[in-house]
J.: 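If you scroll down you'll find the structure; I have some questions about it.
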Amino acid sequence: MCSSDLPLPAALRIPAIGVRTRLIRLGITPRGTLQVPSSASVAGWYTGSPRPGAIGSSVIAGHIDSYLGPGVFYRLRLLHPGNKIFVRQAGGRLATFRVTAVRQYPKARFPTARVYGPTPDAELHLITCGGTFDYATGSYLSNVVVFSVEVR
């Protein structure tokens, strides 16, 4: 299905880790990196990726935490292959995905093509920070990526 034929994604639910959030829209920063949500309590869909349920790599990002405590994707690394992810679209349609892999990558070796590149199926990739927190830079040294495919 063509991405523009689908309504915009509105909400994300991941029962296995207790995630239930509305989705905001994310773009690219002036530095050319993925914009992140302004709040740690919501996740965001990257508008440069296909809409969830369309062919390709749809990307949703969220924070692991903030100075206020755990963020929306705090438990993302705890997902396992087979877990389900649900994306509710603006018209009420529900796109269901099955986790195929959970990986952690050092930010310096992030697999951009694998995460954002074309795929033959409708996939959903969830991204957050992970690994060791570097107090000198105020950020995590790695990213956690959950790969999933749509269940038809």
Side-chain angles (χ1 to χ4, degrees), residues 1 3 6 8-29 31-66 69-89 94-135 137-152:
M1 184 174 281
S3 185
L6 293 172
L8 291 170
L12 173 73
R13 191 167 56 86
I14 313 172
I17 57 172
V19 168
R20 182 181 293 263
T21 179
R22 67 184 176 89
L23 290 172
I24 62 170
R25 294 182 193 150
L26 302 175
I28 295 292
T29 68
R31 291 182 28 209
T33 60
L34 177 64
Q35 184 182 28
V36 296
S38 56
S39 167
S41 65
V42 298
W45 166 66
Y46 169 47
T47 59
S49 71
R51 295 176 186 186
I55 300 298
S57 303
S58 182
V59 175
I60 293 177
H63 291 284
I64 186 171
D65 62 14
S66 74
V72 67
F73 281 172
Y74 185 75
R75 296 168 44 96
L76 198 67
R77 65 183 172 75
L78 302 177
L79 285 174
H80 297 285
N83 289 147
K84 295 283 177 33
I85 300 169
F86 303 95
V87 178
R88 171 105 26 224
Q89 294 163 337
L94 191 66
T96 303
F97 297 86
R98 179 182 41 81
V99 173
T100 56
V102 179
R103 301 282 184 260
Q104 182 172 299
Y105 303 101
K107 288 189 179 185
R109 293 196 305 277
F110 187 82
T112 303
R114 181 166 183 217
V115 174
Y116 295 96
T119 62
D121 302 307
E123 295 191 12
L124 177 64
H125 301 162
L126 307 178
I127 305 172
T128 194
C129 290
T132 303
F133 186 80
D134 181 353
Y135 287 93
T137 62
S139 65
Y140 285 87
L141 299 178
S142 299
N143 284 109
V144 172
V145 180
V146 171
F147 296 92
S148 67
V149 296
E150 188 174 23
V151 177
R152 300 236 176 226

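We're numbering straight along the sequence, starting at 1. Keep in mind that this is a model prediction, so the values were computed, not measured.
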J.: How long is the span from the CG atom in N83 to the CD1 atom in I85, to the nearest 0.5 Å?
T.: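 It is 8.0 Å, given to the nearest 0.5 Å.
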J.: Does a side-chain heavy-atom distance below 4.5 Å link Y105 with V145?
T.: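 Touching, per the 4.5 Å side-chain cut-off.
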J.: Side chains of Q35 and I28: closer than 4.5 Å at any heavy-atom pair?
T.: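 No; the side chains remain at least 4.5 Å from each other.
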J.: For Y116, is there any backbone N or O sitting under 3.5 Å from a side-chain donor or acceptor partner on H125?
T.: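 Checking the backbone N and O of Y116 against the side chain of H125, no donor-acceptor pair under 3.5 Å is found.
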J.: For Y74, does the OH atom sit with more than 12 other heavy atoms under 6.0 Å from it, leaving out its own atoms?
T.: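 Count not over threshold, so no.
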J.: So, does S142 use its side chain to make a donor-acceptor pair with the main chain of K107 at under 3.5 Å?
T.: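 Pair absent, no side-chain N/O of S142 close to backbone of K107.
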J.: Do V146 and T100 have side chains that approach each other closer than 4.5 Å (heavy atoms only, starting at C-beta)?
T.: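 Not touching, per the 4.5 Å side-chain cut-off.
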J.: Quick one: are I17 and L76 in side-chain contact, heavy atoms under 4.5 Å?
T.: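 They are in contact (side-chain heavy atoms under 4.5 Å apart), so the answer is yes.
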J.: At what distance, to the nearest 0.5 angstrom, does CD of E150 lie from CG of D121?
T.: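 Reported to 0.5 Å precision, the distance equals 9.5 Å.
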J.: Ignoring hydrogens and geometry, is there a side-chain-to-backbone donor-acceptor pair from N143 to T128 under 3.5 Å?
T.: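 Checked: pair present.
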J.: Tell me if a side-chain donor or acceptor on S49 pairs with a main-chain N or O of V59 at a distance below 3.5 Å.
T.: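 At least one qualifying donor-acceptor pair exists.
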J.: Is a donor on one side and an acceptor on the other found under 3.5 Å between the side chain of T21 and the backbone of L12?
T.: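 No.
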J.: Backbone N or O of A61 within a donor-acceptor pair of the W45 side chain at under 3.5 Å?
T.: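 Judged by distance alone, no pair lies under 3.5 Å.
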J.: With distance as the sole test, does E123 use its side chain to make a donor-acceptor pair with the main-chain N or O of F97 at under 3.5 Å?
T.: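 Absent.
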J.: Quick one: pull up CZ in R98 and CZ in R152 and give me the separation to the nearest 0.5 Å.
T.: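 Between atom CZ of R98 and atom CZ of R152 there are 13.0 Å.
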J.: Let me confirm one number: the CG-NE2 distance from L78 to H80, rounded to the nearest 0.5 Å.
T.: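 It comes to 6.5 Å.
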J.: Is R51 reaching over with its side chain to a backbone N or O of L6, donor-acceptor style, under 3.5 angstrom?
T.: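 It does hold such a pair.
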J.: Out of curiosity, I24 CD1 to S38 OG, how far, rounded to the nearest 0.5 Å?
T.: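 Reported value, rounded in 0.5 Å steps: 5.5 Å.
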J.: Do the side chains of P15 and F86 get nearer than 4.5 Å, heavy atoms only?
T.: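 Heavy-atom side-chain distance check passes, below 4.5 Å.
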J.: CG/L79 to CG/L126 distance, rounded to the nearest 0.5 angstrom?
T.: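 So the CG of L79 and the CG of L126 are separated by 7.5 Å.
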J.: Report yes or no: is the cationic atom of R114 (NZ for Lys, CZ for Arg) closer than 6.0 Å to the six-membered ring centre of F147, at no more than 45° off its axis?
T.: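 R114 over F147 ring: yes.
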J.: Side-chain contact, heavy-atom cut-off 4.5 Å: T47 with L26?
T.: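 No; the side chains remain at least 4.5 Å from each other.
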